[in-house]
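Please read the structure below before turning to the comments.
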There are 2 protein chains.
Amino acid sequence: MRSKQTSFDIAYRAGVSQSTVSRALRNSPLVNEETRRRVQEIAKELNYKVDKNASSLRTQQSGTIALLLFEDPTNDDSLINPFFLSMLGSITRASAKKGYDLLVSFQQMSNDWHADFEDTRKADGIILLGYGDYTDYEEKLVQLIKQETHFVRWGADVKGLSVVSVGCDNFHGGYQVTEHVINNKRKSFAFLGGVSTGSPEFLARYNGHCQALEDHKLKVDPNLQIDAISTNESGYEAAQKLIATGIKFDAICAASDLIAIGAMRAMQDAGYNVPDGIAIVGFDDIATASSTSPALTTAKQDTVLAGELLVDKLLQLVTGEEAKTQLMPTTLVVRKSCGS
Amino acid sequence: MRSKQTSFDIAYRAGVSQSTVSRALRNSPLVNEETRRRVQEIAKELNYKVDKNASSLRTQQSGTIALLLFEDPTNDDSLINPFFLSMLGSITRASAKKGYDLLVSFQQMSNDWHADFEDTRKADGIILLGYGDYTDYEEKLVQLIKQETHFVRWGADVKGLSVVSVGCDNFHGGYQVTEHVINNKRKSFAFLGGVSTGSPEFLARYNGHCQALEDHKLKVDPNLQIDAISTNESGYEAAQKLIATGIKFDAICAASDLIAIGAMRAMQDAGYNVPDGIAIVGFDDIATASSTSPALTTAKQDTVLAGELLVDKLLQLVTGEEAKTQLMPTTLVVRKSCGS
DNA sequence: ATAATCCATGCATACGTATGCATTTTAAGC
DNA sequence: GCTTAAAATGCATACGTATGCATGGATTAT
């Protein structure tokens, strides 16, 4: 029952050649309509499915996109940053919509990831997802370009490299949320998130944050910027360090929702009132952001749109078209963590 | 620079035949150690990578696992149930650990998903993930079995079918959380979650819930069971309906965390106090559960273990070994939503 | 020295599809 | 009716790898 059906079997049943079967199934105009119908009918009857390996081997196209997901190695190994998880979901959807399969792979930055998929012909192109805060990241991008691998990446534009990126406007997002807090009459701002050592994303958000303060004639106190990576725990600890400085502040801008959520808990545990005593804003708008108490005001990154853009641009590259880096705006989502 | 390297190129450079190259790269004992080293060195130098399509075509093995993710079609199209998203993450990790690539695909139940992957030789086996609450689900499983497709599924065991499943003990989990609430001196219990129309998972949780009540001589009031699907919104609405019945209750057991979270908000919006007035428990232990206010007490499903089990068992099937259905225990995670 | 044994390698082929080119069939033109 | 064009099909081959079988050389045993 299970012996695999090939196009030759269909050909035999239909009384035509294998070539004709192949053409008929691919709706080639070269084949007579009547023949095509017959072939397709038989194919369906026999539950025939094209062998993708053979097909890919012949055409040198796999109909597959590879998604490489880089994670902060300091994170708990078993959990994925919910923001990237959300991106993963939208990319999956977007590629399915385009008729492409999605090969998902977690990566340690140490690996030879730059070659592992397109070079093995398993994928037509690659999507790079993760924070670009690794020392040899750019170097590997250069390798990818040299190999003429088709790829797009999530994140800020890389200066000097002809790389197609889709990212959100972190600077503006940082500006946006900070300005919102300023409008709520806060005067002394802290910022939680790695700036010097951290990702370029965090840095851009911080820069936006500072710009907003300056534009409103408020002071930027470097002592109130505490490094943190994007986890609850790190946010919690950063907030504790913040309190330990003894410096007074009435607002916290976090580089990500996870940090904000951890910080919020730390402040509450320390007896502060949010938002009356301390205003807190995050960044990303992950699912949990709407469920905290008070619900978290944040800068939303549109993951659905992002996924579609990444896939669209990658496929443009694959088909030889031009594709341009694109910056998406963030949306201010006002909830309760700033007072109004 | 980019013209693709084949095993013939390596063979030419090494002064041996293509066969020897193939064997050398696969560490066949047939090839001389010295030769093997030389070949492997040259391969690395030329940045040669085996063409997986050709390899798969030849060996009829793809080194790939397909993950089919079914979602409740009534959900918002752009979001994925965080529990399944978490499963996706752990499965990705688990298959990477085994050296397999993971092909991820979202599915509408209406499609011919039962054939789409293994039959096209893109995957060696299939993992089915999603609630099994669809009318023709079993029928399609039967088809899969008939085709001798290798697959495992997440969920409760299917009676009468020789299918390998990995699931958690929903009955016991439902029992567990309910008993915990009972120990907190609650007397009148409501249950939110589709039972008659819904998934077998929800039904099992409900049955465990009822059993716990009976064992403690408490009444089960069918009027306090309200249908809901696994979303915040549905939970919110269900809680509203619950209030609208006018019947008194002091505890809510929800069939999932999302439902519980929605219900919690509905109760709070209606002026009830959680947990003092109303105790609430969920099911799953999604990330958000720890961030609600009060933090949600729930029955945790171990997604990391689940992912590993699914992958392990599938690979056992692929290699011709026996694999058995396995039921995982749930863990009671006590937070604040029940009072203690 | 000859036969028997073993080790290392090469030759040839199959996996299943897609497609350039040759060939046959059908229709059209005069 | 014969030539020419167009439409439909078949033939042959290539994609790159893995492997059964044959071959050649080296080693050992008799």
Side-chain angles (χ1 to χ4, degrees), chain A residues 2-40 42-43 46-64 101 115 117-124, chain B residues 2-40 42-43 46-64 115-124:
Chain A
R2 186 74 202 295
S3 63
K4 194 186 164 191
Q5 304 283 359
T6 74
S7 47
F8 285 97
D9 298 322
I10 313 289
Y12 178 77
R13 288 279 209 305
V16 296
S17 71
Q18 181 268 334
S19 326
T20 302
V21 171
S22 175
R23 283 193 264 259
L25 294 178
R26 296 174 54 77
N27 287 320
S28 159
L30 281 180
V31 49
N32 182 290
E33 178 146 359
E34 147 79 31
T35 312
R36 176 185 327 176
R37 250 212 314 274
R38 190 155 40 94
V39 168
Q40 292 187 341
I42 294 177
L46 297 189
N47 194 29
Y48 166 81
K49 292 284 184 320
V50 172
D51 182 318
K52 294 270 188 184
N53 287 319
S55 175
S56 297
L57 176 59
R58 176 64 227 249
T59 61
Q60 302 289 40
Q61 297 213 333
S62 63
T64 301
D101 292 318
F117 282 100
E118 203 190 307
D119 277 8
T120 63
R121 302 283 152 180
K122 265 204 170 184
D124 296 333
Chain B
R2 186 76 202 293
S3 65
K4 193 187 165 192
Q5 304 283 356
T6 74
S7 47
F8 285 97
D9 298 321
I10 314 287
Y12 177 77
R13 290 278 210 302
V16 296
S17 72
Q18 182 267 335
S19 325
T20 302
V21 171
S22 174
R23 283 193 265 257
L25 293 178
R26 296 174 55 76
N27 287 320
S28 159
L30 282 179
V31 49
N32 181 289
E33 178 147 356
E34 147 79 34
T35 312
R36 175 187 323 174
R37 249 212 313 275
R38 190 156 39 95
V39 167
Q40 292 187 342
I42 294 178
L46 296 188
N47 194 28
Y48 167 80
K49 293 285 186 320
V50 172
D51 183 316
K52 295 270 189 185
N53 288 319
S55 175
S56 298
L57 176 58
R58 178 61 227 252
T59 61
Q60 303 288 39
Q61 297 213 335
S62 63
T64 301
D116 266 11
F117 282 100
E118 203 191 311
D119 277 8
T120 62
R121 303 284 153 179
K122 266 204 172 184
D124 296 332

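In what follows, chains are A, B, ... by sequence order, proteins preceding strands, each numbered from 1.
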> Taking atom types as modelled and ignoring hydrogens, do the side chains of B:Asn53 and A:Gln60 form a donor-acceptor contact shorter than 3.5 angstrom?
Replying inline: no

> Could you state the CZ-C1' distance from A:Arg58 to D:dG16, rounded to the nearest angstrom?
Replying inline: 13 Å

>> When you measure from the side chain of A:Ser56 to the backbone of A:Lys52, do you find a donor-acceptor pair of N or O atoms at a distance under 3.5 Å?
In response: yes

> Given atom CZ of B:Arg26 and atom C1' of D:dT19, what is their separation to the nearest angstrom?
Replying inline: 10 Å

> Does B:Ser22 make a side-chain N or O approach to OP1 or OP2 of D:dT19 shorter than 4.0 Å?
Replying inline: no

>> Can you see whether A:Ser22 engages A:Ser19 through a side-chain donor-acceptor pair at a distance of less than 3.5 angstrom?
In response: no

> Does A:Ser56 make a side-chain donor-acceptor contact with the base of D:dC15, cut-off 3.5 Å?
Replying inline: no

> Between C:dT17 atom P and B:Asp51 atom CG, what is the distance in whole Å?
Replying inline: 17 Å

> B:Leu57 or B:Thr35: which one's nearest nucleotide on DNA chain C is closer to the 5' end?
Replying inline: B:Thr35

> Where the side chain of A:Val31 is concerned, which of D:dG10, D:dT17, D:dT9 is the nearest nucleotide?
Replying inline: D:dT9

> Below 3.5 Å, does any donor atom in the side chain of A:Ser19 face an acceptor in the base of C:dT19, or the other way round?
Replying inline: yes

> Roughly, in whole Å, what's the span from NZ in B:Lys122 to C1' in C:dG16?
Replying inline: 16 Å

> So, A:Ser62 side chain and A:Lys122 main chain: donor-acceptor pair closer than 3.5 Å or not?
Replying inline: yes

> B:Arg121 CZ to D:dT17 C1': how many Å, rounded?
Replying inline: 17 Å

> Should B:Ser7 be listed as having a side-chain N or O under 4.0 Å from OP1 or OP2 of D:dT17?
Replying inline: yes

>> From CG of B:Leu30 over to P of D:dC21, roughly how many Å is that when rounded to an integer?
In response: 13 Å

> Within less than 4.0 Å of OP1 or OP2 of D:dG10, is there a side-chain N or O belonging to A:Thr20?
Replying inline: yes

> Could you give the CG-to-C1' distance, from A:Asn32 to D:dA8, as a whole number of Å?
Replying inline: 7 Å

> Roughly how many Å is it from CD in B:Glu33 to P in C:dA8, rounded to a whole number?
Replying inline: 10 Å

> What distance separates B:Leu57 CG from A:Leu57 CG, expressed to the nearest 0.5 Å?
Replying inline: 6.0 Å

>> Is B:Gln60 close enough to C:dG16 that one of its side-chain N or O atoms is under 4.0 Å from OP1 or OP2 there?
In response: yes

> If you check every side-chain atom of B:Arg23, which of D:dG16, C:dT9, C:dT17 has the closest atom?
Replying inline: C:dT9

> Looking at C:dC15, does its base get a donor-acceptor pair with the side chain of B:Thr59 below 3.5 Å?
Replying inline: no

> Looking only at side-chain N and O atoms, does A:Ser55 come under 4.0 Å of OP1 or OP2 in C:dA18?
Replying inline: yes

